[in-house]
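The structure appears right after this line, and notes come after that.
The chain is numbered in sequence order, starting from 1.
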Amino acid sequence: NRVAPMHAALREKLAQMNTCAQENISGNRVVKAFAREDYEIEKFDRANTDYAETNKATGMVWLKFFPIVESIANLMPVVLLAVGGVFMIRGQLTMGDYVAFSGLIWAIANPMRQMGNIMNEFQRFSAASKKVMELYYSEPKIRDEENAVSHPERFEGKIEFDNVSFQYEDGDLPVLHNISFTAHPNETVAIMGETGCGKTSLINLIPRFYEPTEGQIRIDGIPVEQLKLYDLRKQIGLATQDVLLYSDTIEGNIAYGDDSIKMNEVVKFARYSAAADFISKMPEGYDTLVGERGVGLSGGQKQRISLARALAIRPSVLILDDTTSAVDMETEKQIQQSLRELDFPCTKIVIAQRISTTKTADKIIVLQNGYIEEMINEKNMDNYVAYAKYTQIVDPLLTVPKSYQKICKTDGFCDPFEWHRRCVRLCGADDYPAGAGPCNSGEKREAFIFSCGNAGRHLSGERDLHNNPKPHYGGCQSEYHL
């Protein structure tokens, strides 16, 4: 009873020491960046000392029992010699009987000596195997229901949330409250909101990484819990902000979800994710080995490979969790254009913080404190109240001048995601042919979108040498309806 707890404590101390070493090896750049080498050395020394002291204490407990067992084993031949000698002198025991008893004593003594060592090792093994057995015999909480149906054919991509609420098992408060919306096939639904409002928790419910506490989620009218997990997750492409790449080639990482795809398809999906250019510049191209967790690649490069990996399975549902947060605006523009031109039907659920990422979405859901604060679609895109709430939640620095509020309320020019309307208005024509004026060519229109809506800047009514609108950081010029 005393040895087993000591061995359990010893394994815990060893685990703490190994964790300390692993964190310092994987996070060595953070340690160097904050000049905390001395602190981490002292921290590891403390963990090492605790392990050494616990190991000594465990050894001392064993030493209290080992001499007793060894003494009994060594005392048995002495007893045989004394007692057997007396019996032989009296003629009550023959030499043959004495030799037989002597052999029996040695046969018993050696196993007694080994029994102590075996019991000690058994206690050590029991302490070490306890965690292994817990993991080995554990069963996932989320698994196929008994009546789960197989769905090997491709989903159409209709996703329905019906009064879905969710709370983590170790949490005190719900994360999501009564979430209801529908994403129709091939639609793009953008989810925005402040940090910690439940965006990632929401998308994790679709592939059943977690189960909702209330409500129901359906794909093509079938509740997700009634689908086999393999069929459900096989048709969902997932790319997250925190990317995990395996110690394999770039080609192997892109083709991870479907290792049967050909090389030309790998290249195609790399182009979709705007990764083909930097991959081609690497010494070995797609055969370049990626280190553990993508070491050697920048954050933006890892995100683009992750996106290509998600696209390579041709998913019916594509989930992007702030996948372009580490790429520049020009690269993000290329990715958004590629996602609109995919050669397979796909419903997209996109979490983003940039307005530029969501401007082409069919539906924008704004979350706040786990509730749907506003749902913006084509029907209410020109609703000023929705836009005001949206800007306050996503970008508090983006303020709307009073003149803008007044005009929005009276003239109805408050479409926050189609800024080219104001551009056409400013140019003085309602139906400019494509490319005919400075405000209707593709490049100028994108520049105008950035100037008007993405940084809280407004037009001053002046133009530069190229006849482009000049940004103005003051109040909004009401005569231009901006």
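Proximity of Ile236 to Leu232: side-chain heavy atoms (C-beta onward) are separated by under 4.5 Å at one or more points. With contacts defined as side-chain heavy-atom distances shorter than 4.5 Å, the pair Val30/Phe34 qualifies. Residues Asp362 and Val189 form no side-chain contact, since every pair of their non-hydrogen atoms from C-beta on lies 4.5 Å or further apart. In this structure, the side chains of Leu318 and Ile349 stay at 4.5 Å or more apart for every pair of heavy atoms. Considering only heavy atoms from C-beta on, Arg309 comes within 4.5 Å of Asn253 through its side chain. In this structure, the side chains of Leu320 and Leu339 come closer than 4.5 Å at one or more pairs of heavy atoms. Counting only heavy atoms from C-beta outward, the side chains of Ile203 and Ile191 approach each other to under 4.5 Å. A 4.5 Å side-chain heavy-atom check between Asp162 and Glu160 finds every atom pair outside the cut-off.
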Show, in sequence, the C-alpha distance, side-chain angles and deciding distance for Thr249 and Asp287, and conclude whether the side chain to side chain donor-acceptor pair (under 3.5 Å) test is met.
CA-CA 5 Å; Thr249 63; Asp287 293 327; 5.2 Å; no
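In this structure, Arg154 and Gln235 approach most closely via the heavy-atom pair CA-OE1, 3.0 Å. Contact detail for Val266 and Ala255: the closest heavy-atom pair is CG2-CB, 4.4 Å.
Among residues at least two apart or in separate chains, ring-ring contact (aromatic ring centres under 6.0 Å, His included) pairs with a member in residues 206-229 are Phe166-Tyr210, Tyr168-Tyr210. Applying the side chain to side chain donor-acceptor pair (under 3.5 Å) test to every pair with at least one member in residues 132-149, sequence neighbours left out, gives these pairs: Glu139-Arg143, Lys141-Glu169.
Residues meeting the ring pair (Phe, Tyr, Trp, His ring centres under 6.0 Å) test with Tyr286, sequence neighbours left out: none. By the ring pair (Phe, Tyr, Trp, His ring centres under 6.0 Å) test, Phe44 pairs with no residue at all, sequence neighbours left out. Phe181 pairs by the ring pair (Phe, Tyr, Trp, His ring centres under 6.0 Å) definition with Phe161, not counting sequence neighbours.
Under the 3.5 Å distance criterion, with hydrogens and angles disregarded, a donor-acceptor pair is assigned to the side chains of Gln337 and Glu341. Using modelled atom types, one finds no donor on one side chain facing an acceptor on the other under 3.5 Å when comparing Ser201 with Asn204. Judged purely by distance below 3.5 Å, without hydrogens or angles, the side chains of Asp258 and Ser260 pair a donor atom with an acceptor atom.
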Quick one: side chains of residues 272-280, donor-acceptor pairs under 3.5 Å with protein atoms, not counting sequence neighbours, listed by atom name and distance.
from	atom 1	to	atom 2	distance (Å)
Ser273	OG	Phe269	O	3.3
Ser273	OG	Ala270	O	3.1
Ser273	OG	Arg304	O	3.1
Ser280	OG	Ala276	O	3.2
Ser280	OG	Asp277	O	2.7

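Under the 6.0 Å distance and 45° angle rule, Arg36 counts as a cation-pi partner of Tyr39.
Using a 4.0 Å cut-off between a side-chain N of Lys or Arg and a carboxylate O of Asp or Glu, Lys268 and Asp343 qualify as a salt bridge.
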